[in-house]
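Residue numbers start from 1 in every chain, and the chains themselves are labelled A, B, ... in the order their sequence lines are given, proteins ahead of strands.
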2 protein chains.
Amino acid sequence: MFRIDLMSRTPVYEQIIEQLENFVLTGAMKSGDKLPSVRSLSLSLSINPNTIQKAYSELDTKGIICSVPGKGSFITEKALIILKQNKLSQLSDFENLLENLILAGISKDDIIDCVEKVYKRSRKI
Amino acid sequence: MFRIDLMSRTPVYEQIIEQLENFVLTGAMKSGDKLPSVRSLSLSLSINPNTIQKAYSELDTKGIICSVPGKGSFITEKALIILKQNKLSQLSDFENLLENLILAGISKDDIIDCVEKVYKRSRKI
DNA sequence: CCAACCGTATTAGCTAGGTTAGTACAGCTG
DNA sequence: CAGCTGTACTAACCTAGCTAATACGGTTGG
């Protein structure tokens, strides 16, 4: 389910957060779904339970999941809405990256083609 | 000339590298231009000389600048070509970010509008 | 020639963040 | 009650990034 890259510059607990958020955004996980327990996930990923808990507690603070002692952790109802709103703030990152590509001399038509391509690809998934 | 954000998650030496590369890409600095000396830059930015040297030595390894003991550091002839080539590899980052925005529910038209806007803005600079 | 600048090298130490380890407590559930 | 769940806490370790101080050798201009 989760794929962790220990060599990555981004911390493991952030990789978990990012991947779970994408599961929600893509519909792979829905409101009410139960997450793997802290201990079982730590075993299957060969990662310390504390690291998993750090990811879960941050997701809980964000309102993406709801952790209940004795029961488990579950996707909240607001999760999808919250995440969509957050992603929209990436629009500025998108513009920054776009400016870099312009500096590199990429034409507007090339960019438009690229956008079309990605949109077609995303529809198939 | 340089603007350093000590609070940023990206290391100071990488900020220097990134900004200098952008100076070259935007034409603010050209082949043969002399960079501020390690010591003078460390003074003006209130940063340890070692940190500046780390940035410079990495830029030297990349072939962006050429450091000569006793003389100084200078933009190489190949700098612009190298950097343009490197920036092209950001196209995959661009696609990844785009996929995220699609997940957030942004329409293709909104993206196209954004691209048009950034291109118009970049032409004025 | 020499003082003042240049880049470079080396060693040491500090800090913050990320991760691991071990242990413990409390709430559910069958 | 046994076994699962989340949670809390402390201690230790490692690494990256940065700082500090010092030293060496090349270049340049007065």
Side-chain angles (χ1 to χ4, degrees), chain A residues 1-21 29 31-77 79, chain B residues 1-21 29 31-77 79:
Chain A
M1 193 166 191
F2 289 92
R3 274 200 236 132
I4 299 304
D5 177 13
L6 294 175
M7 295 287 107
S8 167
R9 164 111 76 147
T10 67
V12 173
Y13 77 95
E14 284 192 10
Q15 293 182 40
I16 294 176
I17 292 174
E18 192 182 330
Q19 288 183 33
L20 186 114
E21 290 183 347
M29 298 197 78
S31 166
D33 283 358
K34 186 175 184 179
L35 276 68
S37 81
V38 170
R39 287 173 179 81
S40 68
L41 188 55
S42 87
L43 280 178
S44 69
L45 296 182
S46 301
I47 284 172
N48 192 281
N50 289 343
T51 305
I52 310 291
Q53 196 209 331
K54 184 167 187 176
Y56 278 22
S57 80
E58 208 157 297
L59 284 164
D60 188 292
T61 304
K62 280 189 180 184
I64 311 299
I65 72 176
C66 176
S67 293
V68 185
K71 300 190 69 176
S73 299
F74 308 86
I75 311 282
T76 65
E77 293 182 4
Chain B
M1 193 168 193
F2 288 90
R3 273 200 238 135
I4 299 304
D5 177 14
L6 294 175
M7 294 289 108
S8 167
R9 164 111 79 147
T10 69
V12 173
Y13 78 95
E14 283 191 11
Q15 292 182 42
I16 294 176
I17 292 174
E18 192 182 329
Q19 289 184 33
L20 187 115
E21 289 182 348
M29 297 198 79
S31 166
D33 283 359
K34 186 176 182 176
L35 277 68
S37 79
V38 171
R39 286 173 180 80
S40 67
L41 188 56
S42 87
L43 280 178
S44 68
L45 296 183
S46 301
I47 284 172
N48 192 281
N50 288 345
T51 304
I52 309 290
Q53 195 208 333
K54 184 168 187 177
Y56 277 24
S57 80
E58 208 157 297
L59 284 164
D60 188 292
T61 304
K62 279 188 181 184
I64 311 298
I65 70 175
C66 176
S67 294
V68 186
K71 300 190 70 177
S73 299
F74 308 86
I75 310 281
T76 63
E77 293 182 3

- Could you check how far CG of A/N50 sits from P of C/dA24, rounded to whole Å? 15 Å
- Atom CD1 of A/I52 and atom P of C/dA21: how far apart are they, to the nearest Å? 13 Å
- Task: Would you mind reading off the distance between A/M7 atom CE and C/dT19 atom P, rounded to a whole angstrom?
- Result: 12 Å
- Query: The side chain of B/D60 lies closest to which of these nucleotides: D/dC18, C/dT8, C/dT19?
  - Reply: C/dT8
- The nucleotide from C/dG7, D/dT5, D/dC18 with an atom nearest the side chain of B/Y13 is D/dC18
- Minimum heavy-atom separation for A/L35 to A/M29, with atom names? CD1-CE, 4.5 Å
- Under 4.0 angstrom, heavy atoms only, what part of the nucleic acid is B/S73 near: base, sugar-phosphate, or nothing? sugar-phosphate
- Message: OP1 or OP2 of D/dG17 versus the side-chain N and O atoms of A/R9: is any pair under 4.0 Å?
- Response: yes
- Query: Short question: side chain of B/Q19, backbone of B/R3 - any donor-acceptor pair under 3.5 Å?
  - Reply: yes
- Task: Please check if the side chain of B/E77 supplies one atom and the backbone of B/S31 the other of a donor-acceptor pair under 3.5 Å.
- Result: no
- Message: Just N and O in the side chain of A/S67: are any of them under 4.0 Å from OP1 or OP2 of D/dT7?
- Response: yes
- Message: From CG of B/L43 over to C1' of C/dC5, roughly how many Å is that when rounded to an integer?
- Response: 13 Å
- Message: Let me spell it out: for each of A/V68 and A/T51, pick the nucleotide of DNA chain C with the closest heavy atom. Which residue's pick is nearer the 5' end?
- Response: A/T51
- Measure from the side-chain heavy atoms of B/N48 and tell me the nearest of D/dG6, D/dA20, C/dG7. D/dA20
- In whole angstrom, give the distance that lies between atom CD1 of B/I4 and atom C1' of D/dT19. 16 Å
- For A/P36 and A/F2, work out which heavy atoms get closest and say how close. CG-CE1, 4.3 Å
- Rounding to a whole Å, what distance do you find between A/Q53:CD and C/dG18:C1'? 15 Å
- Please determine, for the side chain of B/R39, which listed nucleotide (D/dC24, D/dT7, D/dC18) has the closest atom? D/dC24
- Task: Would you kindly give the CD-to-C1' distance between A/E58 and C/dG17, to the nearest whole Å?
- Result: 13 Å
- What's the NZ-P distance between B/K71 and C/dA4, to the nearest Å? 22 Å
- Message: Checking the side chain of A/T76 only, and the main-chain atoms of A/I64 only, is there a donor and an acceptor separated by less than 3.5 Å?
- Response: yes
